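Here the structure comes first, spelled out in structure tokens, and everything after it is commentary.
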Amino acid sequence: MRRPVESAFPPEDCVPLASPVLQTTLPDRHPDRQGKVRDIYEFGDVLLIVASDRISAFDYVLGTGIPDKGKVLTQISQFWFDRTRGIIANHLRSTDPSTYPAPARVAAGLLRGRSMLVTRTDPLPIECVARGYLAGSGWKDYAASGEICGVRLPHGLREADRLPEPIFTPATKAATGHDVNITERDAANLVGAAVLERVRDLTHRLYREGAAHAEACGILVADTKFEFGLLPDDGRAPADRVVLIDEVLTPDSSRFWPRDAYRPGGPQPSFDKQFVRDYLERIRWNKQPPVPSLPDDVVAKTREKYLEAFRRLAGRELQ
């Protein structure tokens with residue numbers, strides 16, 4: 001009789017959680033730019049993007065981080081960057097700290113697994129959102145007007161219903177607060193008609209590729225947002241200099257639902273920070289400073305959801 005194969009990984013509840021990485025620095029250097037999650041260091045024509053373990057909810061960065069969250073975001077993006085190179089080039093150069101500029105190489109222990117060296121681009125001022133299901137702000141817009149970003153949808157759809165076909169719904173990038181849904185005409189005014197046509201096509205192709213793989217792994221991609229940038233002007237038209245940037249099909253940039261629990265007609269369980277949102281609603285936080293801290297059980301459950309999404313999609317353990 002064959003003995004069962006023992007996992008090389010101890011049970012999750014037997015492994016003490018590491019301290020979350022909330023801030024990063026290089027020797028004698030702080031980030032040149034800092035987002036809600038990522039710290040960015042500039043090195044000429046390349047950028048070092050470091051994903052922290054910070055987590056935001058309702059437009060505020062919370063005081064408690066989620067251990068390994070930054071590693072999940074980085075490594076799942078690397079998985080998709082590699083998988084989608086046949087669709088569109090991207091800005092990723094390396095995730096190996098030994099290849100980074102000298103000031104970063106000495107911080108290899110911090111950077112390994114949670115950082116990317118990327119080509120500097122000129123980011124487009126729009127988010128390119130693909131929606132395959134009716135959820136989030138799309139559901140609210142549909143319930144109010146029967147359309148999303150100027151796209152008229154069939155009457156009588158329920159929350160979380162699968163759309164007849166995926167739709168492209170651009171949004172403006174907000175430095176603070178929520179991104180704002182806009183029409184394709186508004187987006188074309190921001191980036192030009194040719195560039196918009198290019199990124200709309202790419203958004204559909206990337207979503208189809210990602211959603212098909214995810215569904216085979218037991219995850220429904222309800223919606224996701226992509227970001228694109230322009231390479232430096234080399235004589236080609238802007239539409240020909242578009243590359244995929246930032247993060248790709250992560251639990252932060254997407255709405256991931258477990259396929260086996262999908263029940264249209266209301267909110268769905270998810271693989272992202274839903275435990276965090278639910279907790280904040282339960283304690284009736286007024287969504288104003290001071291921001292609350294999270295209890296250990298909420299941190300642990302949220303971390304496991306991020307890790308589960310990574311394992312399913314990438315087919316391996318986090319490094």
Side-chain angles (χ1 to χ4, degrees), residues 33 35-36 47 59 77 80-81 84-92 118-155 157 162-211 221-250 252-255:
R33 285 178 278 153
K36 289 179 180 177
L47 304 174
D59 301 323
S77 290
W80 290 115
F81 278 137
T84 59
R85 287 185 190 278
I87 297 174
I88 177 66
N90 59 68
H91 69 166
L92 179 61
V118 305
T119 299
R120 184 193 290 264
T121 68
D122 183 14
L124 297 182
I126 60 172
E127 306 275 7
C128 294
V129 181
R131 300 179 186 272
Y133 295 78
L134 197 53
S137 64
W139 163 244
K140 292 179 182 178
D141 290 350
Y142 170 80
S145 65
E147 59 183 46
I148 307 175
C149 297
V151 179
R152 175 64 58 176
L153 296 174
H155 177 71
L157 295 177
R162 190 167 194 157
L163 299 177
E165 60 182 22
I167 60 174
F168 170 72
T169 60
T172 57
K173 295 180 181 180
T176 59
H178 290 292
D179 296 337
V180 179
N181 294 338
I182 58 176
T183 65
E184 288 192 25
R185 177 179 294 182
D186 293 332
N189 288 337
L190 291 172
V191 302
V195 169
L196 181 67
E197 182 178 357
R198 173 69 169 150
V199 298
R200 180 179 58 219
D201 175 66
L202 289 169
T203 297
H204 279 298
R205 293 172 63 189
L206 290 165
Y207 178 77
R208 286 196 298 268
E209 168 70 19
V221 182
D223 52 50
T224 192
K225 64 180 180 180
F226 300 105
E227 292 199 44
F228 299 95
L230 300 182
L231 294 172
D233 190 349
D234 58 3
R236 293 180 296 164
D240 296 327
R241 293 187 278 115
V242 170
V243 295
L244 184 62
I245 66 170
D246 197 54
E247 62 181 317
V248 185
L249 288 158
T250 73
D252 272 16
S253 67
S254 315
R255 206 180 305 268

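These values consider heavy atoms only, across backbone and side chains, with no hydrogens, waters or symmetry-generated copies. This structure is a prediction, so every number in the text was calculated from the model and none was measured.
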Review point. At what distance, to the nearest 0.5 angstrom, does OG1 of Thr224 lie from CD of Glu247?
Key: 8.0 Å

Check your understanding: Between Leu244 and Phe228, does a side-chain contact (heavy atoms from CB on, under 4.5 Å) hold up when you go through it step by step?
Key -> CA-CA 5 Å; Leu244 184 62; Phe228 299 95; 3.8 Å; yes

Side-chain donor-acceptor pairs of residues 193-202 under 3.5 Å, sequence neighbours excluded:
from   : atom 1 : to     : atom 2 : distance (Å)
Arg200 : NH1    : Glu184 : OE1    : 2.5

Review point. If every non-hydrogen atom of Cys149 is compared with every non-hydrogen atom of Asn181, which pair is closest and at what distance?
Key: SG-CB, 3.4 Å

Exercise for review: Measure across Lys36 and Asp59 and return the closest heavy-atom pair with its distance rounded to 0.1 Å.
Suggested key: NZ-CA, 3.7 Å

Check your understanding: With sequence neighbours left out, what residues match Thr183 under side chain to side chain contact (heavy atoms under 4.5 Å, CB included)?
Key -> Arg185, Asp186

Review point. Do the side chains of Lys225 and Asp179 get nearer than 4.5 Å, heavy atoms only?
Key: yes

Check your understanding: Mind checking what makes side chain to side chain contact (heavy atoms under 4.5 Å, CB included) contact with Pro164, not counting sequence neighbours?
Key -> Pro154

Check your understanding: Which heavy atom of Gly229 sits nearest a heavy atom of Thr121, and at what distance?
Key -> CA-OG1, 3.7 Å

Check your understanding: Which distance, rounded to the nearest 0.5 Å, do you find between the CG of Leu206 and the CH2 of Trp80?
Key -> 10.0 Å

Review point. Is the closest basic N to carboxylate O distance between Glu127 and Lys173 below 4.0 Å?
Key: no

**Study point:** Side chains of Val118 and Ile245 in contact at under 4.5 Å (non-hydrogen atoms)
**Key:** no

Check your understanding: Can you list the residues that meet the ring-ring contact (aromatic ring centres under 6.0 Å, His included) rule with Phe81, with sequence neighbours excluded?
Key -> His91

**Study point:** side chain to side chain contact (heavy atoms under 4.5 Å, CB included) against Val151, all qualifying residues, sequence neighbours excluded
**Key:** Leu153, Ile167

**Study point:** Minimum-distance pair of heavy atoms, taken over all atoms of Phe226 and Leu249
**Key:** CE2-CG, 4.1 Å

**Study point:** Arg131: partners by side chain to side chain donor-acceptor pair (under 3.5 Å), with sequence neighbours left out
**Key:** Ser137, Thr169

Check your understanding: Partners of Ser253 by side chain to side chain donor-acceptor pair (under 3.5 Å), sequence neighbours excluded?
Key -> Thr250

Revision key, fill the gap. Across all chains, not counting sequence neighbours, the side chain to side chain donor-acceptor pair (under 3.5 Å) partners of Arg120 are none

Exercise for review: Check salt bridge (charged side-chain N to carboxylate O under 4.0 Å, His left out) between Arg208 and all other residues, then give those that pass, not counting sequence neighbours.
Suggested key: none

**Study point:** side chain to side chain contact (heavy atoms under 4.5 Å, CB included) partners of Pro125, counting only residues at least two apart
**Key:** Leu190, Val191

Review point. Do Tyr207 side-chain atoms and Val221 backbone N/O form a donor-acceptor pair below 3.5 Å?
Key: yes

Point to revise | Side chains of Leu134 and Ile148 in contact at under 4.5 Å (non-hydrogen atoms) | key: yes

Check your understanding: What's the spacing between Ile126 CD1 and Ile182 CD1 if we round to 0.5 Å?
Key -> 6.0 Å

Review point. How long is the span from the OG atom in Ser77 to the CG atom in Leu92, to the nearest 0.5 Å?
Key: 9.0 Å

Check your understanding: Which pairs with one or both residues in residues 233-244 pass salt bridge (charged side-chain N to carboxylate O under 4.0 Å, His left out), sequence neighbours excluded?
Key -> Asp234-Arg236

Review point. Partners of Tyr133 by side chain to side chain donor-acceptor pair (under 3.5 Å), sequence neighbours excluded?
Key: Arg162

Revision key, fill the gap. Here the pair of heavy atoms bringing Leu157 nearest to Tyr142 is N-OH, 2.9 Å

